[in-house]
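Working notes for the structure below.
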Amino acid sequence: MQPEPITQAEYESQLNRLHERREELEESESTLTSHEHGGGLPHDEQNRLERVRGEIADVLQQIGDLQDRWADAGNARPNPDGALGE
């Protein structure tokens, strides 16, 4: 099944939103890891860090999927590196 076509405005809006969310999550990850001083993080903080890293992976997947959807609609070549190649 082919995904629904996407307009350039929709593509850019969604891509910007996803990149902003990725940046927020990366900032949260950085803040959490800065609290680790060689002895490891407390259990609650470690759980938060794992959730943030999982959300980052999800957002990166969504970015890649959106780029593929845009490319599949004939608007751009697929990015062989996906979201991680940025």
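This is a predicted model, so every value here is computed, not measured. When reading the values below, keep in mind they use all heavy atoms of this one structure, side chains included, and skip hydrogens, waters and symmetry mates.
- Atom-to-atom distance recorded for Leu32:CG and Asn47:CG is 11.0 Å, nearest 0.5 angstrom.
- The shortest non-hydrogen separation linking Gln14 to Leu66 is OE1-CD1, 3.4 Å.
- The existence of a salt bridge linking Arg48 and Glu45 is confirmed by a sub-4.0 Å separation between a basic side-chain nitrogen and an acidic carboxylate oxygen.
- One finds a salt bridge joining Glu26 and Arg22 here, because a Lys/Arg side-chain nitrogen approaches an Asp/Glu carboxylate oxygen to under 4.0 Å.
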Q: Apply side-chain hydrogen bond (donor to acceptor under 3.5 Å, both in side chains) to the pair Gln61 and Asp65, showing each step before the final yes or no.
A: CA-CA 6 Å; Gln61 180 64 50; Asp65 291 347; 2.7 Å; yes

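- Ser28 OG to Ile56 CD1: the interatomic distance, rounded to the nearest 0.5 Å, is 8.0 Å.
- Put simply, the side chain of Arg53 reaches to within 4.5 Å of the side chain of Thr33, judged on heavy atoms.
- With hydrogens and angles left out, the side-chain atoms of Gln62 and Asp58 include no donor and acceptor closer than 3.5 Å.
- Taken from CG in Leu25 to CG in Leu18, the straight-line distance is 10.5 Å, to the nearest 0.5 Å.
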Q: For the pair Glu10 and Thr7, evaluate side-chain hydrogen bond (donor to acceptor under 3.5 Å, both in side chains) and give the outcome as yes or no after the intermediate values.
A: CA-CA 5 Å; Glu10 291 172 323; Thr7 67; 3.3 Å; yes

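- The neighbour count for Glu27 CD, taken as heavy atoms of other residues, nucleotides or ligands under 6.0 Å away, does not exceed 12.
- Put simply, the side chain of Glu55 reaches to within 4.5 Å of the side chain of Arg21, judged on heavy atoms.
- With values rounded to the nearest 0.5 angstrom, Ile6 atom CD1 is found 9.0 Å from Leu15 atom CG.
- Here Glu29 contributes atom CD and Ser34 contributes atom OG; the two are 11.0 Å apart, rounded to the nearest 0.5 Å.
- By the 4.5 Å heavy-atom criterion applied to side chains, Tyr11 and Gln67 are counted as neighbours.
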